[in-house]
Amino acid sequence: MSFTNQEKLTDSARRWALRGDLLDFTGAPVWGETDSPAVRFDRDHWLLIEDGRIVGRQAAAPDESWPRKDHAGQLVMPGFIDTHVHCPQLEVIGSYGTELLDWLERYTFPSECAFADPARSHAGAEVFLDALLASGTTSAVVFATVHKVSAEALFDSADARGMRLITGKVLMDRHAPDGLRDDVAQAEKDCIDLIDRFHRRGRLAYAVTVRFAPTSTPEQLAMAGALCRADASLFMQTHVAENRAEVDWVARLFPQARSYLDVYAAAGLVHERAVLAHGIWLDETDKRLIQDRGAQVAHCPSSNLFLGSGLFDWPGADFNVSLASDVGGGTSLSLPRNMQDAYKVQALRGARLTAWTALHAATRGAAQALHLGGEIGGLGVGQMADICVWDWAMGPVAQARDAVARELHERVFAWMTLADERNLSACYVAGRQRV
Ligand code: GUN
Ligand code: ZN
């Protein structure tokens with residue numbers, strides 16, 4: 001990377017230009033299609049950026065009045081969107097030996113208890129968001145903990161970085177240890193206060209955050225549904241149908257429900273701003289409901305492999321599917337690494353995931369499913385300048401592979417298969433360099 005007019009290119013530069021190989025999407029790629037009209041690839045082009053937004057995209061170099069960052073020969077994509085990740089679980093990543101329900105009890109719940117301490121919540125949020133940016137993720141839908149301060153800390157830290165962040169205090173009033181349970185009345189008060197202070201403030205938004213059906217009483221689920229009904233601009237995030245023992249437990253806890261998803265649907269929680277993590281063990285009626293409601297499933301391949309949860313049926317999904325790390329069940333914040341696992345999950349099912357479908361799910365597809373397509377997920381004029389610059393190849397093996405790639409999908413697929421956070425050369429959020 002070289003800098004021109006660098007003396008003018010301070011962090012506060014209102015307008016500047018970036019050069020590189022631009023890759024984003026103008027539509028949804030068709031499953032299995034490696035030659036896709038939805039892909040927009042402009043080799044050696046320029047993005048013009050003003051006041052944090054993209055104001056131009058062109059082949060010609062801009063005039064000399066534009067300070068420049070020259071990333072010629074590097075891959076430029078919109079910052080990735082991680083639609084399901086847990087801030088307080090960085091420290092349990094890579095914990096040995098269990099499936100979901102044991103893993104929660106042995107590792108996750110004890111780690112989350114520490115976030116009752118405001119200092120721990122604030123320090124945790126800072127480390128977490130910097131780690132997301134260092135992985136090339138500029139927007140995220142995040143689980144905090146049950147503690148109100150853990151959501152406040154995430155909102156404050158994201159705001160300081162100019163990041164698009166959707167989060168909320170976790171709702172959990174049963175089947176969790178002391179120190180990790182709330183109650184309906186206090187939880188409702190905390191949610192309302194957080195919504196008043198943070199929802200739609202700058203690039204922040206609130207998600208009503210039901211951990212999963214087993215840790216909320218029917219009364220708490222009803223309260224969560226009432227919050228969503230009162231304000232249709234609120235997001236909702238939860239887990240659904242991740243693990244077979246979990247699905248069986250939900251069936252015992254909610255005998256009147258037709259299915260696990262139906263527990264949420266009956267409470268009014270499955271709507272167009274709902275982000276449902278995993279969705280491995282859904283039936284056809286569930287899938288149709290997700291599609292009809294315009295909700296999305298956050299597919300978490302590294303988590304699903306690591307916790308032995310199952311193989312998500314991506315080609316069978318007619319609903320919105322986005323990509324997510326689910327750290328600490330997932331084993332990396334890097335979405336390219338999660339794409340590698342997503343490819344292998346589909347390979348085990350006898351299907352093939354193209355680089356286009358994988359990248360779309362981490363950019364434009366996620367943005368559209370979140371109703372944020374005008375702001376994030378692309379490199380179009382008018383969108384925010386959340387931009388990541390990647391080296392096409394790091395190290396001799398990737399370089400040898402890249403050198404013989406013949407057409408675009410082959411090259412990008414090899415990048416996706418071999419890349420991780422070490423390929424990230426620069427990361428800009430709302431036009432300001434953060435990595
Ligand atoms: N289900 C309920 N809580 C969790 C969690 O923290 N991680 C995952 N992967 N699944 C969950
Ligand atoms: Zn999760």
Side-chain angles (χ1 to χ4, degrees), residues 20-43 45 47 57 74-85 132 135-141 296-302 312 314-315 317 320-325 330 332-347 351-370 372-373 376-380 383 386-393 398 401-402 405 407-421 423-425 427:
D21 297 336
L22 311 183
L23 175 62
D24 66 349
F25 297 89
T26 55
V30 171
W31 183 271
E33 216 171 77
T34 54
D35 188 10
S36 170
V39 177
R40 177 165 60 171
F41 182 68
D42 290 325
R43 225 183 71 76
H45 270 54
L47 290 175
R57 175 174 173 140
Q74 291 180 300
L75 176 61
V76 177
M77 286 189 284
F80 290 135
I81 304 162
D82 188 340
T83 55
H84 180 77
V85 57
L132 279 186
S135 304
T137 295
T138 53
S139 298
V141 184
Q296 69 179 291
V297 166
H299 171 39
C300 308
S302 76
F312 176 65
W314 195 339
N320 301 313
V321 177
S322 54
L323 194 76
S325 69
S332 175
L333 288 177
S334 160
L335 286 185
R337 281 189 183 234
N338 277 278
M339 291 173 203
Q340 295 154 28
D341 284 338
Y343 180 83
K344 292 168 192 170
V345 166
Q346 294 313 315
R352 294 289 175 255
L353 174 69
T354 65
W356 306 142
T357 293
L359 285 167
H360 182 262
T363 56
R364 179 183 177 275
Q368 295 223 318
L370 294 168
L372 295 171
I376 56 175
L379 300 176
Q383 290 181 294
D386 294 347
I387 301 167
C388 288
V389 181
W390 302 88
D391 284 320
W392 276 104
R401 180 67 187 88
D402 186 55
E407 41 83 34
L408 185 64
H409 184 267
E410 182 184 353
R411 191 176 190 204
V412 174
F413 182 77
W415 176 85
M416 176 186 113
T417 301
L418 300 173
D420 59 30
E421 60 277 11
N423 291 60
L424 186 69
S425 172
C427 172

Between Asp82 and Ser325, a side-chain donor and acceptor under 3.5 Å
yes
Test your reading of the model: is there a side-chain donor-acceptor pair from Gln340 to the backbone of Ala419, 3.5 Å cut-off?
yes
Hey, could you give me the CG/CH2 distance between Leu75 and Trp392, rounded to the nearest 0.5 Å?
4.5 Å
Less than 3.5 Å apart, any donor N or O on the side chain of Gln296 or Ser322 sitting next to an acceptor on the other?
yes
Any donor-acceptor N or O pair under 3.5 Å, side chains Asp420, Ser334
no
Could you give me the CA-CA distance, side-chain angles and deciding distance for Val30 and Ser36, then say whether side-chain contact (heavy atoms from CB on, under 4.5 Å) is met?
CA-CA 7 Å; Val30 171; Ser36 170; over 6 Å; no
Ser425 and Gln74: side-chain donor and acceptor closer than 3.5 Å?
yes
Distance in Å, Leu333 CG paired with Ser302 OG, rounded so as to fall on 0.5 Å steps:
9.0 Å
Any side-chain to backbone donor/acceptor pair from Asp391 onto Ala393? Under 3.5 Å, distance only.
no
Passing candidate, side chain to side chain contact (heavy atoms under 4.5 Å, CB included) with Met77, options Asp21, Leu22, Asp24, Leu359:
Leu359
Can you give me the closest heavy-atom contact between Asn423 and Leu418, atom names plus distance?
OD1-O, 4.5 Å
Drop me the distance from Tyr343's OH to Thr354's OG1, to the nearest 0.5 angstrom.
10.0 Å
For His45 and Arg43, indicate whether the former's side chain and the latter's backbone hold a donor-acceptor pair under 3.5 Å.
yes
Which is it for Leu424 and Val389 under the side-chain contact (heavy atoms from CB on, under 4.5 Å) test, yes or no, and what are the steps along the way?
CA-CA 6 Å; Leu424 186 69; Val389 181; over 6 Å; no
side-chain contact (heavy atoms from CB on, under 4.5 Å) between Glu33 and Trp356, worked out
CA-CA 8 Å; Glu33 216 171 77; Trp356 306 142; over 6 Å; no
Output for pair (Asn320 CG, Thr83 OG1), nearest 0.5 Å, gives 10.5 Å
Does Gln383 use its side chain to pair, donor to acceptor, with the backbone of Gly380 at less than 3.5 Å?
yes
So, does Gln368 use its side chain to make a donor-acceptor pair with the main chain of Ala28 at under 3.5 Å?
no
Over 12 foreign heavy atoms within 6.0 Å of CZ, Arg352
yes
Ser135 and Glu421 have their tightest heavy-atom pair at CA-CB, 4.0 Å
Between the CG atom in Leu132 and the CG atom in Leu335, the distance rounded to the nearest 0.5 Å is 8.5 Å
Could you check whether any side-chain N or O of Arg411 sits under 3.5 Å from a backbone N or O of Asp402, counting only pairs where one atom can act as donor and the other as acceptor?
no
Could you tell me whether a side-chain N or O of Thr137 sits under 3.5 Å from a main-chain N or O of Ser139, the two making a donor and an acceptor?
no
Going by the angle between their ring planes, with limits at 30° and 60°, are His409 and Phe413 parallel, tilted or perpendicular?
parallel
Test side-chain contact (heavy atoms from CB on, under 4.5 Å) on Val412 and Leu23; report intermediate values, then the result.
CA-CA 10 Å; Val412 174; Leu23 175 62; 4.1 Å; yes
Mind telling me whether Trp390 and Trp415 have parallel, tilted or perpendicular rings, with 30° and 60° as the class edges?
perpendicular
Closest contact, heavy atoms only, Leu379 versus Leu47
O-CD2, 3.9 Å
